Amino acid sequence: MLSDTSLPIIKATLPVVGENIHEIARRFYDHMFKGRPELLDGLFNRGNQADGHQQQALAGSIAAFATNLVDNPDNLPDHLLNRVAHKHVSLGLRPNQYAIVHENLMWAIVDVLGDAVTPEVVAAWDEVYWLMANMLINKERGLYSAVDLNPDEIWRTWEVVERREETAEVVTFVVKRTDPRPTKQSLPGQYVSLKMLMKDGVHQLRQYSLTAADDGDHRQFAVKRVQGIQGAPDGEMSNLLHDTVKVGDRVQLSAPFGDVVLNYSNRPLVLASAGIGITPMAGMLSHTVKSDTDRKIQLLHADGEPGTFALRRQVEDSLAQLNEGKLDAWFEHPDGTMAENEHSGYMNIDDVQLPEDAEYYLCGPLAFMKLVRSALIARGIPAKDIQYEVFGPDLWLADFQ
Ligand code: HEM
């Protein structure tokens, strides 16, 4: 895929770009937001900028893509491209914005690496950038066209018709369509972006998994209050939603997107989640009930304590309506007597009897998913049967080293 001219140059410069990727990412974003401050109003998540995760994700993903072009050019990272494309369209990204990122990223590479960046090196990285950008632009065009919307049309106004406190930290919002245009049904596991005006007059966007199959007029999602730990700031969007949004308020939601969705199949299904990672699982279970399948379903869930297990009643109701629907729960701090399907400590897959030929979906903190995925692979589950959803920028994908 890379031209014969660029291939050796990328091979030779990947180590130095990799070593300096954090600094390149930092300067790229600083420079871009100085020149285009409007990108922080209604597009980029300033919480992710504050902790540097988005910076690593974007720049890291380009380095990961370049590594792939060098090492495995016939097998491009489809998972990475799909994830990014879905995230981008849920934000209403437009193709002409790629030139902004290009200009600022190339500026940062030259700024950090200095004299090492000859015109040939610039041309080679330019080629990598546009190979990736054009693939994303094409995928994004396909996603917009699948929902029959252009980037300016993905937002709709919805009215909050129900607010349910699930646990001390998690609240469910049910919203009703106010816009007469018909909406697309979501697929099991998808999310929507929510756009809100912050107290200082700046718009912010966040993604929330849909926790129920929609009926065309309603959507349902759950929000965990993000409390900053180790000096990190509290989540401004989740706190605003928890503290101020009530029944009768109006909110802006994007059309549903997200590439980690249930396959159309009759194979047994095993869902493994931790904490707020229960949300896409609740959506998948609700869709499965609605589809009236006889698929066998097993939910494995880990949480701090029984009282922090959000959406428990909803997922248990769904499981009760499914073929051999079964829950096993692990609690770090169990309280009182434990039911037969409750266990203390961290989730331990080795104790679980798994169905033959199942498909697996994981959602929770990265460390949790890495452990569960490794345990599944060790038990002989083929990698192709394990999908996972990461909340926040996916640093697993960007970890090209
Ligand atoms: C998110 C890569 C172009 C705006 C992301 C993520 C990656 C990425 C890896 C994180 C996905 C995740 O795991 O959640 C890229 C690459 C690009 C590119 C490789 C070019 C080749 C752009 C452009 C814009 C943009 C042109 C807009 C000017 C965003 C925003 C997010 C995002 C707003 C969400 C992150 C947040 O909320 O802070 N992109 N991107 N990206 N990207 Fe891009």
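Positions are given from 1, in the same order as the sequence printed here. Note that ligands are numbered from 1 as they come in the structure, with each ligand's atoms numbered from 1 the same way. As the structure is a computational prediction, the values presented were derived from the model and not from experiment. Note: hydrogens, waters and symmetry copies are ignored here, and every other heavy atom, side chains too, is used.
Ring-plane geometry between His102 and Tyr129 is classed as tilted, the angle between the planes lying from 30 to 60 degrees on a 0 to 90 degree scale. The aromatic rings of His79 and Tyr388 stand perpendicular to each other, their planes meeting at an angle above 60°, with 30° marking the opposite boundary. Ring geometry for Phe33 against Phe44 counts as perpendicular: the plane angle is over 60°, on a 0 to 90° scale with 30° as the lower cut.
Ligand-side atoms of ligand 1 in range of Arg83: 12 (C), 13 (O), 14 (O), range being under 4.0 angstrom from any heavy atom. For ligand 1, the atoms lying closer than 4.0 Å to a non-hydrogen atom of Asn45 are 36 (C), 37 (O), 38 (O). If you number the atoms of ligand 1 from 1 as listed, the ones under 4.0 Å from a heavy atom of Leu91 come out as 30 (C), 31 (C), 33 (C), 34 (C). Within ligand 1, counting atoms from 1 as listed, the ones closer than 4.0 Å to a heavy atom of Ser61 are 2 (C), 9 (C), 19 (C). Atoms of ligand 1 found under 4.0 Å from any heavy atom of Ile62, numbered from 1 in the order shown, are 19 (C). Residue-ligand proximity, Met132 to ligand 1, at heavy-atom distances under 4.0 Å covers atoms 19 (C).
For Thr13 and Trp125, the side-chain atoms include at least one donor-acceptor pair closer than 3.5 Å. For Asp179 and Thr157, the side-chain atoms include no donor-acceptor pair closer than 3.5 Å. Between the side chains of Arg206 and Gln204, a donor-acceptor pair is found at a separation under 3.5 Å. Between the side chains of Tyr98 and Glu140, at least one donor N or O sits under 3.5 Å from an acceptor N or O.
Within the set Arg206, Lys87, Gln204, the minimum heavy-atom distance to atom 14 (O) of ligand 1 is found for Lys87. Atom 41 (N) of ligand 1 has its nearest heavy-atom neighbour, among Met32, Glu140, His88, in His88.
Ligand 1 is approached by Leu43 to a heavy-atom distance shorter than 4.0 Å.
Of all the heavy atoms of Leu205, none lies under 4.0 Å from any atom of ligand 1, so neither backbone nor side chain is involved.
For the pair Arg83 and Glu389, the salt-bridge criterion is met [side-chain N within less than 4.0 Å of a carboxylate O].
Of the polar atoms of Tyr129, none of the N or O atoms is found under 3.5 Å from an N or O of ligand 1, judged by distance alone.
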